[in-house]
Amino acid sequence: MTKFSAKVYKLVRRIPEGSITSYGRCAAMLGKPRAAQGVGYALSHLPEGTDVPWWRVVNYRGGISIPGRKGRKQRALLKGEGVEFDERGEASWERFEWASDEALPRG
DNA sequence: CTCTTGACGAAAC
DNA sequence: TGTTTCGCCAAGA
């Protein structure tokens with residue numbers, strides 16, 4: 001657990017149910033607009049029973065970047081929260097635009 | 001420190 | 001418009 005990962009987890013925990021954001025936006029909110037991969041890396045190392053809602057983080061297009069079963073799981077979880085996907089597998093931009101000052105981690 | 005990998009993103013073809 | 005390349009950053013070997 002590094003400082004960066006801790007900040008990523010704290011931030012992702014603040015994403016409200018039924019809302020989503022992107023790796024790049026998370027990175028930007030953490031003050032590192034070019035560390036999108038770092039966000040993905042941190043989330044990929046979460047344990048199964050984590051309290052971090054990792055499934056609310058998608059790529060910049062609103063699509064799922066996770067291959068395999070885990071990715072389908074993410075899609076199912078999002079649909080369960082009311083997030084709709086179009087035929088291209090991309091989520092609604094209205095749900096995508098979660099990014100505000102109050103979303104920033106305070107500590 | 002160097003090299004490699006990845007749940008990224010933007011630019012160039 | 002779809003695909004490939006390149007840049008970026010975090011972590012681990």
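Ion pairing between a basic and an acidic side chain is recognised when a charged N comes within 4.0 Å of a carboxylate O; A/Glu81 and A/Arg56 show such pairing.
Atom pair A/Asn59:CG and B/dA10:C1' shows a separation of 13 Å (rounding to whole Å applied). In this structure, the CD1 atom of A/Ile15 is 18 Å from the P atom of B/dA7, given to the nearest Å. Put simply, CH2 on A/Trp54 is 18 Å from P on B/dG6, counting in whole angstrom units. One interatomic measurement links the two molecules: OH of A/Tyr23 to C1' of B/dA10, which rounds to 17 Å at whole-angstrom precision. Taking atom NZ of A/Lys3 as the reference point, atom P of C/dA10 lies 14 Å away to the nearest angstrom. Atom pair A/His45:NE2 and C/dA13:C1' shows a separation of 13 Å (rounding to whole Å applied). In this structure, A/Ile64 places its CD1 atom 19 Å from P of B/dG6, rounding to the nearest Å.
Distances shown here put a side-chain N or O of A/Ser65 below 4.0 Å from the OP1 or OP2 atom of B/dC8. Between C/dA10 and A/Thr2, no contact under 4.0 Å exists linking OP1 or OP2 to a side-chain N or O.
Judged by the 6.0 Å distance and 45° axis criteria, A/Lys70 is not positioned over the aromatic ring of A/Trp55.
Within the 4.5 Å cutoff, the side chain of A/Ile64 has heavy atoms near those of the A/Leu78 side chain. Two residues are said to be in side-chain contact when any heavy atoms from C-beta on lie closer than 4.5 Å; A/Lys73 and A/Ile66 fail this criterion.
Minimum atom distance to the side chain of A/Tyr60 is reached by B/dA10, of the listed B/dA10, C/dA11, B/dA7.
A chain of hydrophobic side-chain contacts below 4.5 Å, direct or via other Ile, Leu, Val, Met, Phe, Trp or Tyr residues, connects A/Val58 to A/Leu30. A continuous path of Ile, Leu, Val, Met, Phe, Trp and Tyr side chains, each step under 4.5 Å between heavy atoms, connects A/Val52 with A/Val57, placing both in one hydrophobic cluster.
Closest approach of A/Phe85 and A/Gly62 over heavy atoms only: CE2-O, 4.1 Å.
Looking at which nucleotide of DNA chain C each of A/Val39 and A/Arg88 is closest to, the 5′-most match is held by A/Arg88.
Judged by distance alone, with hydrogens and angles left aside, the side-chain atoms of A/Tyr9 form no donor-acceptor pair with the main-chain N or O of A/Asp51 at under 3.5 Å.
Applying the ring-ring contact (aromatic ring centres under 6.0 Å, His included) criterion to A/Tyr41, with sequence neighbours excluded, gives A/His45.
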Between the protein and nucleotides 3-5 of chain B, list every N/O to N/O distance that falls short of 3.5 Å.
none

Heavy atoms under 4.0 Å is the rule here; annotate nucleotides 3-9 of chain C 5' to 3' with B where the base is hit, S where only the sugar-phosphate is, and - elsewhere. -----BB
